[in-house]
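Since we're looking at a predicted model, the values are computed, not measured. By convention in this document, chain letters (A, B, ...) are assigned in the order of the sequence lines, proteins followed by strands, and residues within each chain are numbered from 1.
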There are 2 protein chains.
Amino acid sequence: MPDQNAPARTPHRPRSEASRRAILDASLDLCAEQGYGPVTVEAIAARAGVSKKTIYRWWPSKGAVVLEALDDVANPAADFPDSGDLRADLVAQMEGLVRGLLSDQRFGRALVGLIADTQHDPRLARGLVDDLFHPRIEDARRRLAKARDAGQLHQDADPDLAIELLYAPLYYRLLLHQGSLHSMDELRVLVDHVLRSTAPPA
Amino acid sequence: MPDQNAPARTPHRPRSEASRRAILDASLDLCAEQGYGPVTVEAIAARAGVSKKTIYRWWPSKGAVVLEALDDVANPAADFPDSGDLRADLVAQMEGLVRGLLSDQRFGRALVGLIADTQHDPRLARGLVDDLFHPRIEDARRRLAKARDAGQLHQDADPDLAIELLYAPLYYRLLLHQGSLHSMDELRVLVDHVLRSTAPPA
DNA sequence: TACAGGAAACGACACGTTCCGTATTGACAG
DNA sequence: CTGTCAATACGGAACGTGTCGTTTCCTGTA
């Protein structure tokens with residue numbers, strides 16, 4: 001497990017992994033309880049049993065803490081399945097995502113608030129896209145390209161457009177307060193529609 | 001021009017329409033210059049040449065001011081055309097929306113920040129949905145239902161699903177920092193895809 | 001001995017509210 | 001038609017509160 005955050009291997013007191021975990025956990029716990037907005041760095045520090053200075057030493061802002069916490073949580077949760085059946089894989093992945101957003105409020109409320117925060121913090125927006133979204137979008141793109149090459153999709157279907165059509169409705173409902181998130185039935189209908197539309201215009 | 005905001009016809013000094021306009025204009029101007037986040041009620045008051053108290057007398061928060069300002073601006077801008085040609089109407093409407101979001105930063109930056117703000121202000125979220133989004137979604141729904149009844153769409157196509165597939169990608173790119181908004185070409189491709197998928201699953 | 005970490009305090013700033021004085025209106029009386 | 005009055009909007013300034021990000025001083029640890 002190579003640590004890409006290694007602090008240049010200085011020969012002195014190392015960073016406390018216990019404090020790091022406590023901070024990340026506390027940030028998601030507080031988001032679940034109060035929502036992202038009202039959570040303060042001071043509250044995170046207090047909950048984690050840690051000094052404010054320790055947080056500001058390693059993260060530039062509350063958003064950066066929550067981003068790292070979400071990345072930790074999401075890593076195992078949102079893997080992209082590959083059973084050979086594209087439709088089933090898409091439905092399964094999206095079901096997992098929606099379930100994560102709904103059931104575990106540690107995830108949903110924190111993500112929504114974090115996205116809100118990125119609207120006036122360009123550096124945080126960079127981190128959200130590069131660390132959280134881009135890798136997972138790449139996974140989906142690869143899965144769709146593979147399906148296309150295997151003949152399960154029109155030969156010049158556009159994976160990027162398909163990804164937008166699939167996932168945008170989720171965030172549309174989530175961020176624009178359009179009712180509750182999709183039910184499992186609605187997800188299947190959504191995937192069916194998108195797969196049926198992946199032929200390019202005449 | 002019946003005034004539905006008439007304050008119960010009390011016999012005393014009426015609300016200053018000049019101040020109201022100055023406040024709404026100032027709020028959008030400041031959003032265009034600094035983005036929504038950094039704008040403060042104090043700054044709006046200063047720019048409008050108005051006392052803070054006057055703002056708090058009529059609006060509960062910065063968000064409520066910007067919401068009303070956006071509603072004023074959007075009313076003439078986002079009308080739904082009805083030429084009989086559904087595809088052309090959809091493209092035209094979405095082109096207008098995208099152009100408004102891109103060109104006039106008074107609109108785009110204010111809307112993005114306002115949406116962000118609604119993530120931790122339920123009352124503001126209510127206002128955003130009820131005042132800004134719902135009426136326009138209803139317009140789109142009517143237009144789609146009419147097209148369906150005219151035989152331009154599959155008989156049991158779902159207008160709500162179509163609306164989600166059409167507009168969600170816009171807000172997806174806007175709020176999740178996925179590149180720039182759609183080009184006019186991309187809008188046409190998007191509309192074509194959605195119209196092709198509006199048949200229900202077998 | 002160099003750095004991580006805890007505790008506490010700081011100045012800056014925006015919040016939402018309050019007080020006070022002034023300006024503007026409709027209602028009513030003559 | 002005109003003068004007076006009560007009610008309200010408005011501007012200006014100040015307030016207490018809370019969070020921000022930083023700083024200071026100290027202890028703990030490899």
In this structure, how many angstroms lie between the [atom2] atom of [N] and the [atom1] atom of [X], rounded?
X	N	atom1	atom2	value
B/Ile55	C/dT17	CD1	P	13 Å
B/Tyr56	C/dC19	OH	P	18 Å
A/His120	D/dC20	NE2	C1'	14 Å
B/Lys62	C/dC13	NZ	P	17 Å
B/His12	C/dT25	NE2	C1'	9 Å
A/Ile44	C/dG6	CD1	P	15 Å

**OP:** Could you encode protein contacts along nucleotides 10-19 of chain D as a string, one character per nucleotide from 5' to 3', using B for base contact, S for sugar-phosphate-only contact and - for no contact, with a heavy-atom cut-off of under 4.0 Å?
**Re:** BBB-B----S
Original post:
Taking only residues two or more places apart in sequence, or in another chain, which ones meet A/Asp82 in a side chain to side chain donor-acceptor pair (under 3.5 Å)?
Top reply: A/Arg143, A/Lys146
**OP:** Could you tell me which residues satisfy side chain to side chain donor-acceptor pair (under 3.5 Å) with B/Arg57, sequence neighbours excluded, listed by chain and number?
**Re:** none
**OP:** Compute whether any side-chain donor of one residue and acceptor of the other, for B/Tyr167 and B/Gln93, lie under 3.5 angstrom apart.
**Re:** yes
**OP:** Using distance alone, with no hydrogens and no angle criterion, decide if B/His182 and A/Glu164 have a side-chain donor and acceptor under 3.5 Å apart.
**Re:** yes
**OP:** State whether A/Asp131 and A/Arg136 are salt-bridged, where the test is any N-O pair (Lys NZ or Arg NE/NH1/NH2 against Asp/Glu carboxylate O) under 4.0 Å.
**Re:** no
Original post:
Does atom CZ of A/Arg126 have more than 12 heavy-atom neighbours, drawn from other residues, nucleotides or ligands, at distances under 6.0 Å?
Top reply: no
